[in-house]
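Read the structure below first, then the notes.
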Amino acid sequence: MNITTAEDLIASLHESPRQEWGRLPTKPSMTSDATWSYTDTSCDTCSARYFHSGGLALDIDETLAWTGGHWMIKMQRLFGNPERLTPSQMFQKYKLCQNVPYWASNPDAMQWIHERRSCAETASELPVIADAVECVRQINGTLVPVLAYITVRPDSLADVTAHWLAAKGFVSANLICRPSHVPFENGNKWKAEVIEQLYPYIGGIVDDNPLLLFSFLPRGYRGFFFLFGHSEDKAADIVENFEDKCNSLRKDGMIIDTPDIVVCNSWQDVLKRATAIYASTQKNQQS
């Protein structure tokens, strides 16, 4: 793993031979009457709108590592579980530990969460989400290069995170962590800026956080956003709300370009849909 910053990665990609990171995507200008498009990759031969093959980035927590669920196991023992939920049930219901209401109202529980965010020991013991290693290796080996892991973890955890990724068998790539001067509360804003800066060298990301996509990523972002850990039906309202906002801005005369949103509930979904997207677009480019 190469621990780096967005600025240094952009510089190295800009200087390296193009074949090391793929082709620059091409995308025509959007007009004010253009419609927002949801990328339907449920079929075996999906034809994506554009060819975003510069490379792929991966989030870590709740995308590669089951961080929230692992924390919930510990927090149920420490701070109670009045609903008597299993860790998996609790994770499906609340997603984040700070969203559990009886923990959110407990100062000791919130302090525990705060301390875990910068705890090397906790970061080193996290379990891997099912099929993540195998699917990431297949995507990197046959479809599109995985060029970076981008996380809001603090850079003080960079070394232990790099070791965890390597020890679990993930492909070697650049690791970008949140700089120490950026507070946790601004992590999503920082991450969205990094993703935007890396385009088109990196033309897509797999991430579980819809807030990153809908509240922080610029409307002009042109890459793929694989929204991980969300089923199609549960994500439908989120996507529809995003579409309504974009169409409202277009009615006001704004030219809005939007990412291709690909909803994936599991890593097998990511692999299937990435195959449909990248294999078909590569074939189109070659024909």
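From a predicted model like this one, the values you see are computed outputs, not experimental measurements. Residues take their numbers from the sequence shown, with the count starting at 1. Every heavy atom of this structure was used, including side-chain atoms; hydrogens, water molecules and symmetry mates were not.
- Annotation for P107 and S105: closest pair CD-O, 3.5 Å, computed over non-hydrogen atoms.
- Clustering ILVMFWY residues whenever any of their side-chain heavy atoms sit less than 4.5 angstrom apart, transitively, puts L96 in a cluster other than the one holding I60.
- The residues R116 and E121 are annotated as not salt-bridged, no charged nitrogen and carboxylate oxygen being separated by less than 4.0 angstrom.
- With contacts defined as side-chain heavy-atom distances shorter than 4.5 Å, the pair L64/L165 qualifies.
- Under the 4.5 Å side-chain heavy-atom criterion for ILVMFWY residues, a single connected hydrophobic cluster contains both L271 and V133.
- A distance of 8.5 Å separates CD of E134 from CZ of F170, quoted to the nearest 0.5 Å.
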ask   = Which is it for I139 and L56 under the side chain to side chain contact (heavy atoms under 4.5 Å, CB included) test, yes or no, and what are the steps along the way?
value = CA-CA 9 Å; I139 290 169; L56 191 66; 4.0 Å; yes
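- W267 has its ring centre less than 6.0 Å from the ring centre of F228.
- By the 4.5 Å heavy-atom criterion applied to side chains, F79 and D108 are counted as neighbours.
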task = Dump the intermediate steps for side chain to side chain donor-acceptor pair (under 3.5 Å) on E115 and Q111, then the final yes or no.
result = CA-CA 6 Å; E115 293 172 355; Q111 180 62 28; 3.0 Å; yes
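- By the neighbour-count criterion of 12 heavy atoms within 6.0 Å, atom NZ of K95 is densely surrounded, having more than that number from other residues, nucleotides or ligands.
- Residues L9 and N174 share a closest heavy-atom pair of CD1-ND2, 3.2 Å.
- A 4.5 Å side-chain heavy-atom check between P127 and W66 finds at least one atom pair inside the cut-off.
- Nearest approach of A274 to L143, heavy atoms of both residues: C-CD1, 3.8 Å.
- Looking at F91 and E62, their side chains come closer than 4.5 Å, going by heavy atoms from C-beta outward.
- The two atoms that bring G55 and V144 nearest to each other are CA-CG2, 3.8 Å, heavy atoms only.
- The backbone N or O of V182 lies less than 3.5 Å from a partner atom in the side chain of R178, making a donor-acceptor pair.
- Listed here is the closest heavy atom pair of M72 and C97: CG-SG, 3.7 Å.
- Residues L157 and L126 are members of separate hydrophobic clusters, defined by side-chain heavy-atom contacts under 4.5 angstrom among Ile, Leu, Val, Met, Phe, Trp and Tyr.
- Minimum interatomic distance between I150 and A57 (heavy atoms only, all atoms of both residues): CD1-CB, 3.8 Å.
- Taking the side chain as every heavy atom from C-beta outward, T161 and Y149 never approach each other to under 4.5 Å.
- Checked by atom type, the side-chain pair N209/D59 shows no donor-acceptor distance below 3.5 Å.
- For the residue pair Y94/Q89, the side-chain donor-acceptor check at 3.5 Å is not satisfied.
- The hydrophobic clustering, which links ILVMFWY residues whose side-chain heavy atoms are closer than 4.5 Å, places I10 and L217 together.
- Using a 4.0 Å cut-off between charged nitrogen and carboxylate oxygen, D61 and R153 count as a salt-bridge pair.
- Looking at D155, its side chain never comes within 3.5 Å of a backbone N or O of A158 through a donor-acceptor pair.
- Taking the ring centre of F184 as origin, the terminal cationic atom of R117 falls inside the region bounded by 6.0 Å and 45° from the ring axis.
- Formation of a donor-acceptor pair under 3.5 Å by the H230 side chain with backbone atoms of D208 is found in this model.
- Using a distance-only test at 3.5 Å, with no hydrogens or angles considered, no donor-acceptor pair links the side chain of N140 to the main chain of V136.
- Linking Ile, Leu, Val, Met, Phe, Trp and Tyr residues whenever their side-chain heavy atoms come within less than 4.5 Å places L227 and V194 in a single cluster.
- With hydrogens and angles disregarded, a donor-acceptor distance shorter than 3.5 Å links the side chain of Q76 to the backbone of L85.
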